[in-house]
K.L.:
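Got a structure here, written out as structure tokens. Questions coming.
The chain is numbered in sequence order, starting from 1. Ligands are counted one by one from 1 in listed order, and the atoms in each one are counted from 1 as well.
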Amino acid sequence: MPHSQRRIGVLGGTFDPIHHGHLAAASEVAAALDLDQVLLVPVHSQPFKLDRLAAAPEHRLAMCRLAVEGDDRLDVSDVDIARGGVTYTLDTLTDLHAQAPDAELFFITGSDALARLHEWKDAERLTSLARFIGVTRPGHSLPDLDMPHTLVEVPAMAVSSTDVRRRVRTGAPIRYLVPRAVADYIAKHDLYAGGMDD
Ligand code: ATP
Ligand code: MG
């Protein structure tokens with residue numbers, strides 16, 4: 001039976017850069033929960049990552065847009081980058097809810113991010129704006145959470161943006177870890193080639 005409300009998944013992240021782990025998770029949750037759309041929402045700046053070297057928001061947004069080309073169910077929202085400043089999920093969900101007041105929102109997080117949910121601003125209020133969907137991620141066990149959430153097992157992809165950045169810096173291959181257009185974009189704009197990382 002069709003759902004009465006439009007169902008929109010929201011995958012927030014730094015996407016520095018976007019990789020196949022993000023895309024596999026978005027696609028798997030869309031199928032598992034019968035979502036109409038999953039929005040990738042790159043943060044402007046991330047409260048836990050203020051000290052890290054990151055590509056400019058415009059670059060991260062552009063790479064997300066390239067990555068979803070050709071998949072009708074995946075899209076990109078620039079709400080967080082357009083708002084600017086430190087991104088809080090409460091603002092993300094509030095803005096997306098205002099844009100689509102009749103839709104049901106599903107906020108998707110990997111197990112590593114889920115484990116830090118208690119540190120998030122207004123964690124309880126978040127659950128009134130969206131259903132929380134935890135996805136499995138290799139190397140990160142699922143935390144015990146006292147807030148309601150749904151778990152979705154996604155095909156294990158042991159890729160992280162940190163690893164992609166490190167690979168670019170050291171000349172190791174990234175070709176099958178990120179979409180081809182993203183690899184081309186990184187090369188063209190000489191991203192991640194210098195500087196420090198964790
Ligand atoms: P970084 O290494 O810079 O932290 P990352 O690979 O963790 O990058 P983020 O942009 O921090 O990517 O992650 C955005 C969201 O996607 C988070 O909820 C994270 O848990 C989830 N995620 C990232 N990579 C994977 C993966 N390989 N499998 C499942 N979920 C993932
Ligand atoms: Mg991360």
K.L.:
Are any of the N/O atoms in Val135 less than 3.5 Å from those in ligand 1?
P.N.:
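Not met; the criterion fails.
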K.L.:
Is it true that Thr92 and Asp80 share a donor-acceptor pair across their side chains at a distance under 3.5 Å?
P.N.:
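Yes.
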K.L.:
Between Thr109 and ligand 1, is there a nitrogen or oxygen pair with a distance under 3.5 Å?
P.N.:
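No, Thr109 has no N/O under 3.5 Å of an N/O on ligand 1.
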K.L.:
Answer side chain, backbone, both or neither: which part of Asp112 comes under 4.0 Å from ligand 1, heavy atoms only.
P.N.:
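The answer is the side chain.
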K.L.:
I need the contact type for Asp163 against ligand 1. Using non-hydrogen atoms and a strict under-4.0 Å cut-off, is it side chain, backbone, both or neither?
P.N.:
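Within the 4.0 Å criterion, Asp163 makes no contact with ligand 1.
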K.L.:
Which atoms of ligand 1 are found less than 4.0 Å from any heavy atom of Gly13?
P.N.:
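Under 4.0 Å from Gly13, ligand 1 has these atoms: 10 (O), 14 (C).
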K.L.:
Going by the salt bridge (Lys or Arg N to Asp or Glu O under 4.0 Å) test, which pairs reach into residues 128-141, not counting sequence neighbours?
P.N.:
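Only Glu104-Arg131, Asp112-Arg137 qualify under salt bridge (Lys or Arg N to Asp or Glu O under 4.0 Å).
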K.L.:
Which is it for Arg165 and ligand 1 at heavy atoms under 4.0 Å: side chain, backbone, both or neither?
P.N.:
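The part of Arg165 near ligand 1 is the side chain, not the backbone.
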K.L.:
Does Val164 have a heavy atom less than 4.0 Å from any atom of ligand 1?
P.N.:
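For ligand 1, residue contact (heavy atoms, under 4.0 Å) with Val164 is absent.
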K.L.:
Please check whether Ser111 reaches ligand 1 - meaning an N/O of the residue sits under 3.5 Å from an N/O of the ligand, judged on distance alone.
P.N.:
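Ser111 vs ligand 1: no N/O contact under 3.5 Å.
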K.L.:
Would His140 count as a contact residue for ligand 1, given that I'm defining contact as a non-hydrogen atom of the residue lying under 4.0 Å from a ligand atom?
P.N.:
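His140 does not count as a contact of ligand 1 under the 4.0 Å cut-off.
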K.L.:
Has Arg169 got a side-chain atom pairing as donor or acceptor with Tyr192's backbone, closer than 3.5 angstrom?
P.N.:
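Absent.
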K.L.:
Do any N or O atoms from the side chain of Arg125 and from the backbone of Leu90 form a donor-acceptor pair under 3.5 angstrom?
P.N.:
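No; judged by distance alone, with no hydrogens or angles, the pair does not exist.
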K.L.:
Give the numbers and elements of all ligand 1 atoms closer than 4.0 Å to a heavy atom of Thr136.
P.N.:
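Taking each heavy atom of Thr136 in turn, ligand 1 has 29 (C) under 4.0 Å.
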K.L.:
Is it the case that the side chain of Arg73 and the backbone of Asp36 share a donor-acceptor pair, with hydrogens and angles ignored and the cut-off at 3.5 Å?
P.N.:
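Side chain of Arg73 to backbone of Asp36: no pair is present.
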K.L.:
Flag yes if more than 12 heavy atoms outside Gln5 fall under 6.0 Å of its CD atom; otherwise flag no.
P.N.:
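Check passes, neighbour count above 12.
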K.L.:
Below 4.0 angstrom from a heavy atom of Gly21, which ligand 1 atoms are there? Numbered from 1 as shown, please.
P.N.:
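The list of qualifying atoms is 26 (C), 27 (N).
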K.L.:
Check this for me - ligand 1, Ala158, N or O atoms closer than 3.5 angstrom, yes or no?
P.N.:
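Such a contact does not occur with ligand 1.
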K.L.:
Do His59 and Tyr185 make the cut of ring centroids closer than 6.0 angstrom?
P.N.:
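Between Tyr185 and His59, which both carry aromatic rings, the centre distance is below 6.0 Å.
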K.L.:
For ligand 1 and Met157, I'd like to know whether there is a polar contact (N/O to N/O, distance under 3.5 Å).
P.N.:
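Right, the criterion is met.
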K.L.:
Quick one: side-chain hydrogen bond (donor to acceptor under 3.5 Å, both in side chains) partners of Arg167, sequence neighbours excluded?
P.N.:
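Expected list: Asp163.
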K.L.:
Should you measure from each heavy atom of Thr162, which atoms of ligand 1 turn up under 4.0 Å away?
P.N.:
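The list of qualifying atoms is 1 (P), 2 (O), 3 (O).
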K.L.:
Taking the side chain from His20 and the backbone from Tyr176, do they hold a donor-acceptor pair closer than 3.5 Å?
P.N.:
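Between the backbone of Tyr176 and the side chain of His20 there is a qualifying donor-acceptor contact (under 3.5 Å).
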K.L.:
Which ligand 1 atoms, with their elements, are less than 4.0 angstrom from a heavy-atom of Ser160?
P.N.:
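Counting from 1, the qualifying ligand atoms are 2 (O), 6 (O).
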K.L.:
Is there a donor in the side chain of Arg6 and an acceptor in the side chain of Gln37, or the other way round, less than 3.5 Å apart?
P.N.:
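Yes - a donor-acceptor pair under 3.5 Å links their side chains.
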K.L.:
Which of the listed options, Gly110, Ala113, Gly12, holds the heavy atom that is closest to atom 14 (C) of ligand 1?
P.N.:
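The option holding the nearest heavy atom is Gly12.
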